[in-house]
Amino acid sequence: MSTIETGYREFDLGKFHFRRDEFFAHISWPTGQHIMSVDDFLRALQRDVAWDFFYGTVNFDEVFGTINHYGTVDMFAGRFNEAYRKAELDHVENFDTPLIRQTFATMLDDWTNAGFDPFASPAETDKPFGVKEGSNTSAVTRRRVTASRMVGVPGDEKIRTDATHPINRMFADVPQDEPEVHPEPGFENEVAAFNLFAYLSRSDVTWNPSVVTVCKNSLYCPTTEEYILPIIHGNDRVEWFVQLSDEITWDVQDRDSGSARSRVTMKAGDVAAMPGDIRHQGYSPKRSMLLVWENGSPELPELIRTGKASVYPVDF
Ligand code: PHB
Ligand code: FE
């Protein structure tokens with residue numbers, strides 16, 4: 001179907017071409033073409049845009065994705081797919097971050113209809129399908145929570161209240177009491193505490209880590225999960241996971257080939273370190289709370305690439 005029939009814009013970036021119809025995103029490049037459910041495509045695109053290309057690789061699926069070089073971004077087709085590589089059909093182009101950021105943000109806004117929220121659980125949003133019908137700019141341009149010190153500290157990210165963030169339907173039983181804080185005079189700006197479970201129970205998005213504490217490069221990025229992580233993340237550093245509630249199953253694969261490495265089911269209280277040379281995708285059967293602990297050091301990818309840092313956090 002042409003743009004005239006569906007109302008959606010088409011986009012070009014380098015030699016890649018993007019088109020959407022009522023159900024699908026169509027991606028083509030000089031040596032091939034690809035088709036994805038527009039549901040999956042928009043959920044992945046939303047995260048790539050909101051996270052500014054994240055850490056390392058964001059695979060939209062087994063074929064298409066981006067690699068963050070922190071200043072430039074590779075866009076690829078078949079780069080991490082053994083069959084495409086063997087057939088020499090893979091294609092990679094590098095772009096300055098502002099160009100791909102702008103193209104992706106414009107495409108996300110144009111292709112998202114009024115009732116669809118790509119960050120919401122599929123149980124909490126309308127479907128993305130059909131011809132163009134309005135837009136949902138406020139949802140696709142949501143401000144990402146990134147504390148500079150900690151949520152609740154004076155001048156930093158605010159704790160959440162009924163007025164701004166109602167408790168999610170799945171977290172109705174989460175206690176909402178806040179800790180009492182009695183700083184000594186002069187330390188009001190330095191001593192703070194908040195109820196992280198209450199904070200997360202009020203999240204209206206899924207699979208969207210937000211930075212709630214920062215200590216140098218140590219970033220606590222908790223998130224609430226329901227259904228499937230819409231990207232397959234290829235790590236360029238170790239990531240720690242702490243399962244705060246309920247359960248998530250992770251498929252862990254070799255980052256480059258996609259061959260199976262392990263399947264990890266994490267129950268409340270479980271802690272895991274994801275190695276720096278894997279890709280992973282999570283499945284959360286009930287809305288759950290996950291703490292992702294990131295080392296934000298910009299030096300890590302190079303240290304790992306040159307063998308100066310390990311892809312494991314500890315050797316036993
Ligand atoms: C990850 O790739 O590590 C990741 C991304 C988003 C989440 C959770 C984990 O919500
Ligand atoms: Fe990850």
Side-chain angles (χ1 to χ4, degrees), residues 40 42-62 65-68 70 80 117-122 124 142 144-146 168 170-171 196 199-212 217-256 258 261-268 270-297 300-301 304 311-313:
D40 297 341
L42 290 175
R43 288 178 195 283
L45 184 64
Q46 171 71 80
R47 284 153 182 88
D48 218 8
V49 168
W51 306 342
D52 211 30
F53 306 100
F54 209 34
Y55 300 103
T57 305
V58 171
N59 297 284
F60 284 42
D61 64 2
E62 291 70 31
T66 58
I67 310 172
N68 197 354
Y70 312 97
F80 298 108
D117 179 352
F119 261 135
S121 159
E124 297 183 341
R142 273 192 182 83
R144 188 178 180 206
V145 171
T146 47
N168 184 266
M170 300 296 277
F171 291 137
L196 178 62
Y199 185 82
L200 290 175
S201 74
R202 295 172 180 276
S203 168
D204 64 343
V205 292
T206 58
W207 305 104
N208 186 29
S210 44
V211 183
V212 301
N217 282 316
S218 171
L219 311 177
Y220 267 10
C221 310
T223 155
T224 53
E225 322 295 46
E226 191 170 305
Y227 191 51
I228 305 175
L229 173 58
I231 62 150
I232 310 165
H233 181 218
N235 287 13
D236 66 1
R237 64 196 67 212
V238 171
E239 286 179 314
W240 287 87
F241 287 167
V242 183
Q243 190 69 40
L244 298 178
S245 85
D246 301 277
E247 186 174 312
I248 297 178
T249 294
W250 290 94
D251 256 335
V252 184
Q253 306 169 333
D254 180 79
R255 183 184 58 204
D256 296 335
R261 286 269 292 262
S262 69
R263 173 166 287 194
V264 183
T265 297
M266 298 186 64
K267 297 179 193 294
D270 287 349
V271 178
M274 293 283 165
D277 61 352
I278 55 97
R279 66 173 90 161
H280 54 195
Q281 184 169 40
Y283 300 80
S284 185
K286 277 173 68 72
R287 202 180 192 87
S288 69
M289 297 181 183
L290 172 70
L291 175 60
V292 180
W293 183 25
E294 294 283 357
N295 183 336
S297 167
L300 275 174
I304 288 179
V311 293
Y312 301 107

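Remember, it's a predicted structure, so these values are computed and weren't measured experimentally. In listed order, ligands and their atoms are each counted from 1.
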Practice item. Can you sort out the partners of Asp52 under salt bridge (charged side-chain N to carboxylate O under 4.0 Å, His left out), two or more places apart, ordered by chain and number? Key: Arg101
Study note, to complete from the structure: By ring pair (Phe, Tyr, Trp, His ring centres under 6.0 Å), Phe241 pairs with (sequence neighbours left out) Trp250, His280
Review point. Is the backbone N or O of Ala268 less than 3.5 Å from a side-chain atom of Ser245, with the two atoms forming a donor-acceptor pair by type?
Key: no
Check your understanding: Which atom names give the shortest non-hydrogen contact between Thr224 and Ser203, and what distance separates them?
Key -> OG1-OG, 3.2 Å
Check your understanding: If you stand at the Fe ion (ligand 2) and look out to NE2 of His280 and ND1 of His233, what angle do those two lines make, to 10°?
Key -> 110°
Point to revise | Contact residues of ligand 1, where a non-hydrogen atom lies under 4.0 Å away | key: Trp51, Phe54, Trp207, Asn208, Pro209, Thr223, Glu225, Leu229, His233, Glu239, Phe241, Trp250, His280, Leu290, Val292
Revision key, fill the gap. Between Gly296 and Leu219, the two heavy atoms sitting closest are CA-CD1, 4.3 Å
**Study point:** ring pair (Phe, Tyr, Trp, His ring centres under 6.0 Å) partners for Phe119, two or more places apart
**Key:** none
Study note, to complete from the structure: Rounded to the nearest 0.5 angstrom, the CG-CE distance for Leu244 and Met266 is 9.0 Å
Check your understanding: Which atom, counting only N, O or S, brings Glu239 closest to the Fe ion (ligand 2)?
Key -> OE1
